[in-house]
Amino acid sequence: MRRTENNGRRPSLAVLALAALLMACCPAWAQTDGHQLWLGMQPNSTPAQVQLDASGQPSPMVQIALDELRTYWHGAPLTLQIDKTGSDEQTAAQGDDGFTITRQADGNLLLRAHGREQGLLYGAYHLLRQQQTGQPVNPVDERPAFRLRILNHWDNLDGSIERGYAGRSIFWSNAAQAAHSPSLLQEYARANASIGINATVLNNVNASPRMLATEYLDSVRAIADVLRPYGLRVFLSVNFASPMTVGVKGVNNGQPLATADPLDPQVAAWWQKKSDEIYQLIPDFGGFLVKANSEGQPGPGDYQRTHAEGANMMADALAPHGGIVMWRAFVYGYHDGNTDRVMKAAAEFKPLDGQFRKNVIVQIKNGPLDFQPREPYSPLFDQLKQTPMMPELQITQEYLGQSRHLVYLGPMWQEFFHLLDLSRFSAPALPAIAGVANIGLDANWCGHHFSQANWYVFGRLAWNPTLQSRDIAREWLQQTFSSDEHFLVPMTDVMQTSHEACVDYMMPLGLHHIFKGDHHYGPEPEGNQPNFPDEWKPVWYHKAGRDGIGFNRSTHGGTGATQQYRQPLSQLYDDVQTCPQQYLLWFHHLPWGFIMPDGTTLWQSLQQHYNHGVQMVDSYVETWQQMRPYVDSQRYHEVNQRLRHQQQNAREWRNHCIGYFRQFAE
């Protein structure tokens, strides 16, 4: 992509208007292939009555809100207004992205941003969503739960995507230049703005040091210029050892350094100079995402320094510009002495609580292991009291069928938010949330048409985690496929039950990490590869033998991982009689004849769950056959093909796992 002109900052209004016209009337992909996502709105024949209550030329962002409403709004006349006097301490803490909608005495509507123009953009899409789903326009006062609502792209500079199942990167190719046209990135930005996402990390957490080379930063600038009018701030994943590969003007004569030690003055100077360079190009740059000392990645531990010392050095470089460091707590494979992988994050980060700079946020995966089909929440959320934290969810279905299976993740995330109990945290304690993106160059963006729903539900829950996943599934279906109740009712049921069905045919009752090798697709409970560390081996996690199955993490002869949780959950999980069934084998090793609450044995219950998962997928295939009258031909056949594939995979999971465990259980 070439750098945009217009003073190198924002595309002109003419460019934006043309892009909007092209997207509305002449999309690059056919309208039935899913490329339009949930934004298949019908344009007006004449512009709607929408005006801005302000003098002067609207900013590009406000102009987008006006254009969207004038093009697609069919309701009452509407006035947009920015109320900067209404900003208070609460809205400031949450980023001032909120808005109110009220009906005036004359029946017209007033959309007022709380303090920043972003509120007009999000309010415009709220109104259009209400219109698309047939909801009445009631007075609302909307405030996002998280100040930063961010996508993490695991895209590599060669255009490949780690854990990507929808084609190549929309950002990068083999060249230093950004890979694709501004119009595609505008469509991406528009989709994110429509669900309230306001930030994006452009590259893989297993980052190449080349990302910070000047030629790549020039491409980041071009991308940021396109995304900015839609409210998206750009972040970068960085390699901790970048100073040893990339030079920077003013440090060591512009040559790479011999060390990345965070306490070395030259290293600190390198990050300061590099940060200055980035902000010269991108004044609203968000900051860095860092994966350090995990899975072979370099980090401060290489120099006997702590995570806090490494993060703080970067944070000091970003602080003058208002940038932040998102430091991932996904750490294992570095320190010895803690054999239970699910305990490592809390063991490493709890002693550092309160030592991080104010502009450091510790990014924590929702579960303590690795995005399994079901996990209890990470106990690190209970351990850190003085350090800002942010949940990291995985939208791309690495362990959940990889965009070949219909698995709606809303119920899983709703379970996470419920158990975590967000009411325990203030806004400064949880200022952000991240989702590992599932987006690629496939025409439908996500590989599976129903995988689009996971991008959508992440944005909706990031704005308001108290929303019900069933309601979000229904509104996505209405906007994406059909508003006919004969379609909505059965397909909402399919989506809402699909996660539990996947857990059942893969790893029920708390089983976990029994996938094939590195690609994590398909069952391999027998996995005991001699060249793998124990914490990668399936047999390490299910521990099946004649004496039973499951990983003992209780205080009764186990690792004691239950004690990392707050009360009463710690006691609840520790007692086999009170431990929720969905986590039973996560926390306990039990004999095959253990009696379940319904009177069956553990072995019988395990088989019932596997069979139930297969039966549910069979029912999805049957249901989809009945949806043919409500879905266009292309998407009907593509979804049908994926469901048939999922049906075969579910049987493979059941047959393989039951066949393997039977040798111990019978």
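Using a 4.0 Å cut-off between charged side-chain N and carboxylate O, Glu375 and Lys365 make no salt bridge. Contact check on Lys537 versus Asp534 returns a salt bridge, with a Lys/Arg side-chain nitrogen under 4.0 Å from an Asp/Glu carboxylate oxygen.
Between Gln567 and Ser570 the shortest side-chain heavy-atom distance falls below 4.5 Å. Between Pro298 and Asn239, some side-chain heavy-atom pair lies under the 4.5 Å cut-off. At least one side-chain heavy atom of Leu584 sits less than 4.5 Å from a side-chain heavy atom of Val576. Side-chain contact between Gln564 and Asp382 is absent, with no heavy-atom pair separated by less than 4.5 Å. Put simply, the side chain of His499 reaches to within 4.5 Å of the side chain of Leu400, judged on heavy atoms. Annotation: side chain of Tyr565 is in contact with side chain of Pro368 (closest heavy-atom distance under 4.5 Å). Looking at Val290 and Met314, their side chains come closer than 4.5 Å, going by heavy atoms from C-beta outward.
Tested against Thr555, the residues Thr562, Asp575, Asp574 include a single side-chain hydrogen bond (donor to acceptor under 3.5 Å, both in side chains) partner, Asp574. The side-chain contact (heavy atoms from CB on, under 4.5 Å) test with Val205 singles out one residue from Glu295, Gln297, His153, Lys291, and that residue is Lys291. Residue His512 is tested with Tyr583, Trp586, Trp540 for a ring pair (Phe, Tyr, Trp, His ring centres under 6.0 Å); the sole match is Trp586. Tested against Tyr399, the residues Phe515, Tyr521, Phe371 include a single ring pair (Phe, Tyr, Trp, His ring centres under 6.0 Å) partner, Phe515.
Within the model, atoms OG of Ser378 and CE of Met389 stand 9.5 Å from one another, a figure rounded to the nearest 0.5 Å. The CG atom of Leu236 sits 6.5 Å away from the CG atom of Leu212 when rounded to the nearest 0.5 Å. We find the CG-CG distance between Leu263 and Asn312 to be 10.0 Å, quoted to the nearest 0.5 Å. To the nearest 0.5 Å, atoms CG (Asn192) and CG (Leu151) are separated by 5.0 Å. Separation of atoms OH (Tyr332) and NZ (Lys344) is listed at 9.0 Å; rounding is to 0.5 Å. Rounding to the nearest 0.5 Å places CD of Gln394 at 10.5 Å from CG of Asn454.
When atom types are taken as modelled, the side chain of Asn552 and the backbone of His589 share no donor-acceptor pair closer than 3.5 angstrom. Here the side chain of Tyr279 pairs a donor or acceptor atom with the backbone of Phe285 at under 3.5 angstrom. Between the side chain of Asn152 and the main chain of Val201, no donor-acceptor pair closer than 3.5 Å is present. Side chain of Asp97 to main chain of Gln118: no donor-acceptor pair is present (N/O by atom type, distance under 3.5 Å, no hydrogens or angles). Within the 3.5 Å criterion, the main-chain N or O of Glu535 finds a donor-acceptor partner in the side chain of Arg341. Of the possible polar contacts, one joining the Asp353 side chain to the Lys385 backbone as a donor-acceptor pair under 3.5 Å is found. Between the side chain of Asp155 and the backbone N or O of Ser169, no donor-acceptor pair lies under 3.5 Å.
For the residue pair Ile395 and Trp413, the shortest heavy atom distance occurs at CG1-CH2, 3.9 Å. Nearest heavy-atom pair, Met244 versus Ala258, reported as atom, atom and distance to 0.1 Å: CE-O, 3.5 Å. When all heavy atoms of Phe240 and Ala260 are compared, the pair lying nearest together is CE2-O, 3.3 Å. Contact record, Ile197 with Gly459: CG1-CA, 4.0 Å, taken as the closest heavy-atom pair.
The aromatic rings of Tyr122 and Trp463 sit perpendicular to each other, their planes meeting at more than 60°, with 30° as the lower class boundary.
When the salt bridge (charged side-chain N to carboxylate O under 4.0 Å, His left out) test is applied to Asp284, the partners found at least two apart in sequence or on another chain are Arg228. Every side-chain hydrogen bond (donor to acceptor under 3.5 Å, both in side chains) that Ser469 has, sequence neighbours left out, goes to Gln414, Gln496.
Cation-pi geometry between Arg553 and Phe551 is satisfied (NZ or CZ under 6.0 Å from the ring centre, within 45° of the ring normal). Cation-pi geometry between Lys273 and Trp271 is not met: the NZ or CZ atom fails to fall both under 6.0 Å from the ring centre and inside 45° of the normal.
For the residue pair Ser451 and Tyr165, no side-chain donor N or O sits within less than 3.5 Å of a side-chain acceptor on the partner.
Under a cut-off of 6.0 angstrom, the local environment of CD in Glu162 is crowded, with over 12 non-hydrogen atoms contributed by other residues, nucleotides or ligands. Atom NE2 of His418 is surrounded by 12 or fewer heavy atoms from other residues, nucleotides or ligands within 6.0 Å.
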